[in-house]
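Quick note on labels: first sequence line is chain A, next is B, and so on, each numbered from 1. Note that the structure is a prediction, hence the values are computed from the model and not measured.
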Amino acid sequence: MTRTVLCVDDEKRISTVSAAIDAEENLSAIEATSVDDALETISETTIVGVVTSYNLPDGSGMDVIEAVREEIPQTPVVLFTDVSPAEIDTGSFEELLVEYLNRDLPDAEDRLGFIMNDVIDHSAQVGFLTPDDEDERLESLEQYDIEELPIEESFQRITDLITAQFDIAVAFVGLIEKDEENFLACTGADWDSLTREDTMCTHSMLQEDVMVVEDIANDKRFNKNEQLENLGIVSYAGANMTNSDGHVIGQVCALDHEAKTYTAEEKHQLEQFADTVMEILELRQSLRDARGLEVSQ
Amino acid sequence: MSINSDGFGVSELPIDGVENGCSILLTGEDTDTLKSVFARLVAADDDERSIVLATNAGGSSIQRSLNDARTSAGSRASILTAEGPGRGDNVSSIDDVGDLTQVGMQFSTLVATSQQSTARFRSGIFLCSTIASEVEDTRSMFRFLNSNFLTELRRGDGIGVVAIDRSADIGTNVDSMISGMETSFKARIDVEKTGFNEAKLEISGLSGSDSTVDISL
C-alpha cells in the first residue's frame, strides 16, 4: 500500500524533496509550498508522514509541526533543513519533538526516504512507550475475529457489573491496537475508539499489576490530556487482558468522575473481571475456529 | 570476560557484556551511586564513542566519571549538558532541558557526528527524571525517548542507558512510571547504596539471567 507523505518546502526546492520521497517504492509525495498550504493539506488529506523545511515563505517548519501535533499527533515528522539546531527557534515549540535531518549531509536525500519509512514503520514519534514485544503482541491480537464474534452482549453485562460493583460512572473493555484503543463494550459512556497516546490504558498495559490513578489532576502523565478532560475522567483503574500467548491485548477499566481509591481486594476483583473477559474472548474464538474447521472438512 | 563480537563490554561491573541495541533502565535513589554505575555502563571503549545528555551534571563532571570508569573514556565522549558551560570540543550546552525539541535535535546531531568517526556508540541520559520533572506533559518525554534515544538504538550500532532518580519529584507516581518504562526497555538495573563505598545492583534482562550483585564504588 502506498503511503502518502506531505512534503513542505518553498517553490524552488520542493521538487527535490518530493523526488526523494517518490524515489521510495512505497512512498508517494504530496506537495505544499507554504505553511498555509500545508495546513490545508493536513486537514483535508490522509497522510502518514510529513517532511518539512525550516524556512518557509509565510512562517517556519515549526508552525507545520505544531499543526501536525494538534491535528494528527501520532504522525511522524522529519525536519529536513540546512539550518543548524542552534539557529532554530524552538522557544515556543518546546515539546513538539521531531526527527532532525541535516540537509547538508552528502547523502541527505537518500537518507530521507529511508528515515521516513523507518519512522512510519516504528511509530517513532508517538507520545507513549510500547512493550518490548509490541510486534508479536499486535500479531497475537490479529488472531481474534473481533467483528465476527458474538461478544458484545457478554462484555456489556460485565461492564454493567463493574460499574455496580465499584459504584463508579464508567467501565469499559478496550483492545489496544497499533494506533488506537477500540472499545468493545462500555457502560456509562458512548465511546468507540481513542487515539492511543490519549489513553491511560497504553500506560496501564505496561504494568503487571492493576494501575490505579486516584486523581489524574495530580499525575503529570495525564493532567494535560485534553481528551481525558473532555471525557470528564478523574480516577482510573485498569487491569490487563492477557491472552494465552502471554500478550496483553487490552484492558478492563473502571473510571469515575470523582477521585477514588481502590483496595487490594478491589484491584483483585478488577483483575478477575479482566480474566473473565479474556476467557470469553478466547472461548468464542476457539468455537469459531472449530466451526470453520468442521465446514472445511 | 566473554561477550559476543557485537556486544559492549562493561568495566568494573559484574556484567558479562551488553548486547548491541540493548536499552537499559537504570534506577536508584542515590544520585552519586547512580552516576557511578551510569558511567561504568556508558564509558566508551577504544573503538566507541559515548553520547551523554547530562541534565544535572556539568560536562567536566561527566567526563571525570567516565575517566574513573575506563581510562580516557572522557575524551571519547560527546556531552550535551544543561548544567554549566559548553567548554571544549566535546561539551555543548543547552539552556533549557524542558525544550525537548531543541534537546532532541542537538542530541541526534551529536549521534550523527560521532557515527562519522566510529559506528559504535553508547548513549545515555543522566537523569531522565529531571526531564520528567521539567516537561509540562509526560507524553513529550516519551516522544523524546521514542524519536531520539530508542530510534538511534534501533538504527545504529550501540547501547543506551536511561537513569532515573526514584527520589525525584516528577509530578507523577515514579514507581508506576518506572514499571511502565521497564516493559519497554530490554534490561533494568536497580541500584541501592548499601554502605560508604558499596552498592547492591538488582539486574534483570541482561545476559539472559536475573541476579543481585554487590559492588564497590
Side-chain angles (χ1 to χ4, degrees), chain A residues 62 65 69 73-74 76-77 79 81 84-86 88-102 105 111 114-115 118-119 122-134 197-198 202-209 211-214 216 218-225 248, chain B residues 22-23 25 80 86 92-113 116 131-148 150-152 154-155 169-173 175-187 205:
Chain A
M62 305 311 286
I65 300 163
R69 291 287 174 256
Q74 299 186 160
V77 185
L79 184 61
T81 179
S84 75
I88 292 175
D89 180 8
T90 52
S92 308
F93 310 99
E94 291 188 345
E95 298 187 18
L96 291 181
L97 273 307
V98 67
E99 170 116 13
Y100 172 82
L101 177 57
N102 184 345
L105 290 173
R111 289 174 68 164
F114 161 79
I115 285 174
D118 180 73
V119 291
H122 294 93
S123 302
Q125 292 173 14
V126 294
F128 57 88
L129 295 177
T130 55
D132 192 35
D133 63 350
E134 175 72 354
E197 78 171 37
D198 287 336
T202 199
H203 298 268
S204 178
M205 68 174 291
L206 297 175
Q207 312 205 2
E208 212 170 296
D209 302 323
M211 184 180 93
V212 173
V213 180
E214 294 174 6
I216 68 168
N218 300 326
D219 195 319
K220 212 154 72 171
R221 286 174 297 178
F222 311 115
N223 61 9
K224 295 288 186 303
N225 186 325
V248 177
Chain B
C22 185
S23 52
L25 187 63
L80 183 61
S92 44
S93 66
I94 36 166
D95 295 333
D96 175 12
V97 77
D99 183 355
L100 286 183
T101 308
Q102 183 63 229
V103 174
M105 290 191 291
Q106 300 264 13
F107 190 76
S108 62
T109 301
L110 286 185
V111 176
T113 307
Q116 283 168 4
I131 296 176
S133 64
E134 290 289 328
V135 293
E136 288 205 359
D137 186 335
T138 311
R139 282 177 294 182
S140 305
M141 184 189 78
F142 292 133
R143 210 188 292 282
F144 171 75
L145 291 174
N146 279 322
S147 57
N148 290 273
L150 295 171
T151 289
E152 302 296 357
R154 186 178 64 247
R155 289 186 196 150
D169 178 7
I170 59 169
T172 183
N173 182 326
D175 289 330
S176 175
M177 192 183 81
I178 287 173
S179 121
M181 290 175 76
E182 186 176 0
T183 316
S184 294
F185 282 68
K186 293 204 186 299

Kindly give the heavy-atom pair with the smallest separation between [X] and [Y], and that separation in Å.
{"X": "B:Ser140", "Y": "A:Glu95", "result": "OG-OE1, 2.5 Å"}
{"X": "A:Phe93", "Y": "B:Asp99", "result": "O-OD1, 4.5 Å"}
{"X": "B:Arg154", "Y": "A:Ala124", "result": "NH2-CB, 4.0 Å"}
{"X": "A:Pro85", "Y": "B:Met105", "result": "CB-CB, 3.8 Å"}

At a 4.5 Å cut-off on heavy atoms, which part of [X] comes close to chain A: side chain, backbone, both, or neither?
{"X": "B:Ser108", "result": "side chain"}
{"X": "B:Asp95", "result": "neither"}
{"X": "B:Ala132", "result": "backbone"}
{"X": "B:Met181", "result": "both"}
{"X": "B:Leu150", "result": "side chain"}
{"X": "B:Ser176", "result": "both"}

Any side-chain heavy atom of [X] within less than 4.5 Å of one from [Y]?
{"X": "B:Thr138", "Y": "A:Lys224", "value": "no"}
{"X": "B:Asn148", "Y": "A:Leu97", "value": "yes"}
{"X": "A:Leu105", "Y": "B:Gln116", "value": "yes"}
{"X": "A:Arg69", "Y": "B:Arg143", "value": "yes"}
{"X": "B:Thr183", "Y": "A:Asp132", "value": "no"}

What residue, out of [options], has the most heavy-atom pairs lying under 4.5 Å from chain B?
{"options": "A:Asp219, A:Val213, A:Ile88", "answer": "A:Asp219"}
{"options": "A:Asn223, A:Asp118, A:Leu96", "answer": "A:Asp118"}
{"options": "A:Leu129, A:Thr202, A:Ile115", "answer": "A:Leu129"}

Quick check for you: to the nearest 0.5 Å, what is the distance between [X] atom [atom1] and [Y] atom [atom2]?
{"X": "A:Lys220", "Y": "B:Glu134", "atom1": "NZ", "atom2": "CD", "answer": "7.5 Å"}
{"X": "A:His203", "Y": "B:Arg139", "atom1": "NE2", "atom2": "CZ", "answer": "7.5 Å"}
{"X": "B:Met177", "Y": "A:Met211", "atom1": "CE", "atom2": "CE", "answer": "12.5 Å"}
{"X": "B:Thr101", "Y": "A:Asp89", "atom1": "OG1", "atom2": "CG", "answer": "10.5 Å"}

What part of [X] lies closer than 4.5 angstrom to a heavy atom of chain B: side chain, backbone, both or neither?
{"X": "A:Leu79", "result": "side chain"}
{"X": "A:Phe222", "result": "neither"}
{"X": "A:Asn225", "result": "both"}
{"X": "A:Asn102", "result": "neither"}
{"X": "A:Met62", "result": "side chain"}
{"X": "A:Gln125", "result": "both"}

Original post:
Between A:His122 and B:Arg155, does a side-chain contact (heavy atoms from CB on, under 4.5 Å) hold up when you go through it step by step?
Top reply: CA-CA 11 Å; A:His122 294 93; B:Arg155 289 186 196 150; over 6 Å; no
Check whether [X] reaches the backbone of [Y] with its side chain - one donor and one acceptor, N or O, closer than 3.5 Å.
{"X": "B:Gln102", "Y": "A:Glu94", "result": "no"}
{"X": "B:Ser184", "Y": "A:Thr130", "result": "yes"}
{"X": "B:Asn146", "Y": "A:Phe128", "result": "yes"}

